[in-house]
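Read through the structure below, which is laid out as structure tokens, and then see the notes.
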Amino acid sequence: KLDAVINWLRENGYTRQFHIKDWMMACSHTVGADERTIRKYLQLAERLGKVRHVVGNIYELIQT
């Protein structure tokens, strides 16, 4: 499911950096719009090294 969220971001033009609101939109389109779900998948993505926190509400997709 995490890959589905990241693929949604890439398919919609977010190849490098994205705002937290973009992550929320991607999650709502793929796994659900609940705040806990959105937070869970963002933390999971960070732990697995798929995204990196840059500054404030800006995150970066790690190229794999």
Side-chain angles (χ1 to χ4, degrees):
K1 290 183 178 183
L2 179 59
D3 289 332
V5 176
I6 292 172
N7 287 336
W8 189 93
L9 283 170
R10 287 196 171 124
E11 289 170 2
N12 287 286
Y14 301 98
T15 57
R16 193 98 173 137
Q17 293 183 344
F18 60 91
H19 192 271
I20 190 72
K21 289 185 180 183
D22 304 321
W23 182 266
M24 295 168 96
M25 191 174 2
C27 283
S28 67
H29 283 282
T30 54
V31 294
D34 185 58
E35 286 183 32
R36 293 169 294 180
T37 303
I38 292 167
R39 188 172 45 247
K40 177 179 94 172
Y41 279 99
L42 185 57
Q43 291 172 350
L44 179 64
E46 282 187 286
R47 258 187 268 129
L48 294 176
K50 303 228 181 225
V51 300
R52 180 176 72 89
H53 181 252
V54 178
V55 64
N57 288 328
I58 305 297
Y59 288 83
E60 181 177 43
L61 288 171
I62 304 298
Q63 303 297 326
T64 54

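Since we're looking at a predicted model, the values are computed, not measured.
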Closest non-hydrogen atom pair, T30 against W8: CG2-CB, 4.1 Å

Closest heavy-atom pair and its distance - I38, A33: CD1-O, 3.6 Å

Spacing of [atom1] belonging to [X] relative to [atom2] belonging to [Y], to within rounding of 0.5 Å:
X   : Y   : atom1 : atom2 : result
I58 : Q17 : CD1   : CD    : 6.5 Å
L44 : K50 : CG    : NZ    : 9.0 Å
K40 : D34 : NZ    : CG    : 10.0 Å
I6  : K1  : CD1   : NZ    : 14.5 Å
F18 : R10 : CZ    : CZ    : 10.0 Å

Exam field: side chain H29 to backbone G32, donor-acceptor pair closer than 3.5 Å: no

Heavy-atom donor-acceptor pair, N12 side chain to L9 backbone, under 3.5 Å: no

Distance flag, aromatic centroids of Y59 and W23, threshold under 6.0 Å: no

Salt-bridge contact E60-R16 (side-chain N to carboxylate O under 4.0 Å): yes

Shared hydrophobic cluster, L48 / L61 (ILVMFWY, side-chain heavy atoms < 4.5 Å): yes

Non-hydrogen side-chain atoms of I62 and V51 separated by less than 4.5 Å: no

Beyond-backbone contact of I20 with L42, side-chain heavy atoms, under 4.5 angstrom: yes

